[in-house]
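Read the structure below first, then the notes.
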Protein chains: 2
Amino acid sequence: MKHEADPEDAEPSSSTQVAGGEAILRGKATINDVARLAKVSKKTVSRVINESPFVKQKTRDAIKAVIAELGFTPDPQARALARRKSFLVGLVYDNPSPQYVVNIQRGILDALEGTDFQLVLHPCDRSKPDHVARIQSFIQQHKPFGLILPPSVSEDEPLALALNEADVDYVRIASVELDTPSRMIRTLDGDGGAAAGRHLADLGHRHIAHIHGPLSFRSTHERRAGFERALAETGLVLRPEMAVEGGYTFEGGVVAAEHLLAQPNPPQAIFAGNDEMATGAYVAVRRAGFRIPEDISIVGFDDTPIAGRLWPALTTVRLPIREMGSAAATLLLQTADGMTAKKLITFSPEIIVRGSTAAPEAP
Amino acid sequence: MKHEADPEDAEPSSSTQVAGGEAILRGKATINDVARLAKVSKKTVSRVINESPFVKQKTRDAIKAVIAELGFTPDPQARALARRKSFLVGLVYDNPSPQYVVNIQRGILDALEGTDFQLVLHPCDRSKPDHVARIQSFIQQHKPFGLILPPSVSEDEPLALALNEADVDYVRIASVELDTPSRMIRTLDGDGGAAAGRHLADLGHRHIAHIHGPLSFRSTHERRAGFERALAETGLVLRPEMAVEGGYTFEGGVVAAEHLLAQPNPPQAIFAGNDEMATGAYVAVRRAGFRIPEDISIVGFDDTPIAGRLWPALTTVRLPIREMGSAAATLLLQTADGMTAKKLITFSPEIIVRGSTAAPEAP
DNA sequence: TTCGAAAATGTCACCGGTGTCAATCCTAAT
DNA sequence: ATTAGGATTGACACCGGTGACATTTTCGAA
């Protein structure tokens with residue numbers, strides 16, 4: 001394939017002379033090179049890059065051809081500087097469960113693949129008083145295109161407020177709205193809790209306990225409320241002494257389950273607010289000498305990989321975490337596309353029945 | 001505190017007029033503002049920011065004072081553009097174990113905290129033929145300051161070669177050197193394998209099996225070699241039919257263990273090349289009706305969180321993964337500091353004895 | 001006191017894009 | 001043919017720093 005012959009239209013900018021059969025140095029061309037070769041101003045090239053509708057089709061095609069030929073890629077840093085907005089998507093998280101975080105990451109990366117955006121990690125410690133300030137300064141400095149906030153960061157009202165003030169877009173992943181309006185991926189945690197309750201009730205359990213997360217998490221209440229609702233439908237109630245907090249952690253789950261088992265009338269079934277705590281419950285139950293599921297049934301929540309790795313495998317409520325991450329990123333990017341941005345996408349949980357639940361044995 | 005009175009030295013650049021008692025807009029000042037207030041050229045300010053030694057102490061102090069007063073922070077994008085080098089550290093990974101990845105991430109973030117660098121995730125699929133090209137284009141576009149390569153990406157010789165060509169710094173986390181010299185965090189996987197072997201031998205086991213990772217991973221061979229070496233010291237040998245591949249995955253571990261147990265003379269103890277496979281072995285062993293550790297002892301490798309969550313808890317070989325991630329990032333950043341960059345940091349594994357191993361029961 | 005080299009500091013273009021607004025090109029209506 | 005008004009395109013400054021090199025200080029040695 002021949003290039004045009006104009007003697008001036010030669011090589012991409014920097015007059016690097018390279019010996020003989022050099023591999024085409026794709027990718028190092030700049031917008032100026034493209035403009036020169038296409039015989040238009042760099043501004044027009046810029047318009048094409050940014051898909052401005054105000055470029056004649058013919059011009060656009062010509063420029064695109066040059067871009068392809070040169071393997072031109074706009075420089076993210078330069079663009080960021082000029083626009084005062086980088087191509088970074090920040091994942092701001094503070095979640096006790098690594099599995100959860102990894103899956104969210106994967107989902108986001110799925111959605112970001114092929115775009116110009118990069119995922120940067122920004123863990124945050126909500127127990128520190130300056131956590132909001134830190135995030136603000138991150139935003140001021142790096143000017144991320146947007147943020148994704150999974151729980152429990154997503155439930156931080158002061159943070160949401162600060163974010164609305166700041167110049168960032170963000171998407172929350174949470175089970176409930178905040179007072180501050182914002183775009184979000186909503187999970188129907190209540191339905192999940194209900195599914196768990198119904199499953200146990202259907203199996204014939206009558207004496208059921210619950211290990212819940214920290215009271216400061218909205219999801220804790222959602223899951224429990226759904227659970228109690230389902231029990232109520234069968235005429236059951238969750239007795240106060242059968243509801244214990246497990247902090248959403250493995251260790252918390254162990255302690256909580258031990259507490260339950262130490263009572264005069266231990267439960268036949270336990271619904272843990274997440275898989276981590278359910279895993280802890282496994283340990284406590286075994287230590288106490290009970291069998292799963294023959295003596296005690298256990299249900300978890302999240303369906304993290306560990307659920308399938310336990311023995312017997314854990315019956316749990318699955319949230320499509322990876323898909324949620326992906327949806328969150330997609331939602332975030334819609335602003336970029338100028339598309340009519342949806343405000344809310346809802347995901348429903350689904351109960352995955354495995355080996356940790358069974359009908360209670362006849363006494 | 002009063003400012004100087006010169007009528008011109010007023011507000012930071014952009015003549016935004018704000019009504020009355022505005023909160024001091026810290027952080028939005030630019031290098032020009034600093035230069036003006038400090039009555040020096042922006043270049044000198046730049047020198048201070050970059051800790052150039054060629055600035056008089058007095059000047060430096062004055063400028064630092066202004067920087068502090070203004071809450072000035074240099075703009076990463078602008079710096080990146082001018083230097084042709086961004087402030088991103090890329091984590092290029094392709095690891096079947098999410099736990100591993102998360103811990104590496106944490107370690108890196110520990111080290112990056114307080115610096116100007118940000119961590120960006122760059123998963124990569126080594127099974128795709130263009131994976132090196134993709135990474136190259138990532139580098140060309142985003143000009144990351146450096147990359148961190150955990151296994152198995154760290155064992156990719158072609159990638160290392162390409163990286164040496166490209167304009168990036170990188171640190172490998174691996175158990176062995178590559179032909180291409182590079183800075184690295186080395187783990188003595190062989191010693192870990194040996195520790196596992198010694199532990200089982202010391203307990204009195206004589207009939208021991210091994211589930212190893214993919215043959216394409218160097219660590220697979222390292223771990224196995226160390227293991228066999230330790231057995232040899234006790235006069236034991238790993239019989240060929242007692243060594244099965246488990247692909248470093250849970251499912252692979254299940255299948256491999258089933259294979260071992262189906263043999264006419266099943267092993268008394270199993271050393272799995274990582275915790276994922278050990279977890280799989282748990283399931284297979286249970287399914288086959290054996291007890292852990294009474295009938296069969298199991299040892300893992302990595303000490304990922306799941307090890308402590310199993311019942312009984314898994315005896316395993318621990319690598320300080322988080323610390324390794326941190327060390328890798330620190331090593332990478334040393335170039336920035338102009339410090340004498342170390343080339344190699346070695347981490348030794350340590351066996352963590354928990355409940356999954358015991359002396360074989362008298363037959 | 002004078003001079004020269006080292007130490008400090010400044011100048012100015014440039015990194016590779018985008019925003020603003022003016023200039024030019026078209027097309028249909030007059 | 002002429003012209004108004006929208007469609008295209010271009011000119012130019014600017015985003016906020018850094019690199020290369022010039023200029024000015026500074027200070028000990030002559």
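Chain letters run A, B, ... following the sequence lines, proteins first and then strands; every chain starts at 1. Everything numeric in this text was worked out from a predicted model, so none of it was measured. Atoms considered below: every heavy atom in the structure, side chains included; atoms not considered: hydrogens, waters and symmetry mates.
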Residues at least two apart in sequence or cross-chain that pass ring-ring contact (aromatic ring centres under 6.0 Å, His included) with His122(B), listed by chain then number, are Phe138(B)
Estimated bend of the helix from dT1(C)-dA30(D) to dT30(C)-dA1(D) (axis per five terminal pairs, rounded to 10 degrees): 50°
Length of the CZ-C1' vector between Phe54(B) and dT9(C), whole Å: 13 Å
What's the CZ-P distance between Arg36(A) and dA11(D), to the nearest Å? 15 Å
To the nearest Å, give me how far apart CD (Gln57(B)) and P (dA7(C)) are. 16 Å
Could you list all the salt bridge (Lys or Arg N to Asp or Glu O under 4.0 Å) pairs where at least one residue sits in residues 113-125 of chain A, not counting sequence neighbours? Arg79(A)-Asp116(A), Glu113(A)-Arg134(B)
Going by heavy atoms in the side chains, are Ile139(B) and Leu147(B) under 4.5 Å from each other? yes
Kindly give the heavy-atom pair with the smallest separation between Gly325(A) and Ile173(A), and that separation in Å. CA-CD1, 4.5 Å
Specify the separation, in whole Å, of atom NZ of Lys56(B) and atom C1' of dC27(D). 12 Å
Any Tyr93(B) side-chain heavy atom under 4.5 Å of Ile148(B) side chain: no
Heavy-atom protein contacts under 4.0 Å, nucleotides 11-24 of chain C, coded B base, S sugar-phosphate only, - none: B---BBBBBB----
Just how far, in rounded Å, is C1' of dT18(D) from CD of Glu51(B)? 16 Å
Walk me through whether Asp156(B) and His131(B) qualify under side chain to side chain donor-acceptor pair (under 3.5 Å). CA-CA 11 Å; Asp156(B) 193 316; His131(B) 74 280; 2.7 Å; yes
Please list all pairs meeting side chain to side chain donor-acceptor pair (under 3.5 Å) that have one or both residues in residues 159-168 of chain A, counting only residues at least two apart or in different chains. Asn164(A)-Tyr170(A)
Residue pairs fulfilling salt bridge (Lys or Arg N to Asp or Glu O under 4.0 Å) with at least one residue in residues 42-56 of chain B, sequence neighbours excluded: none
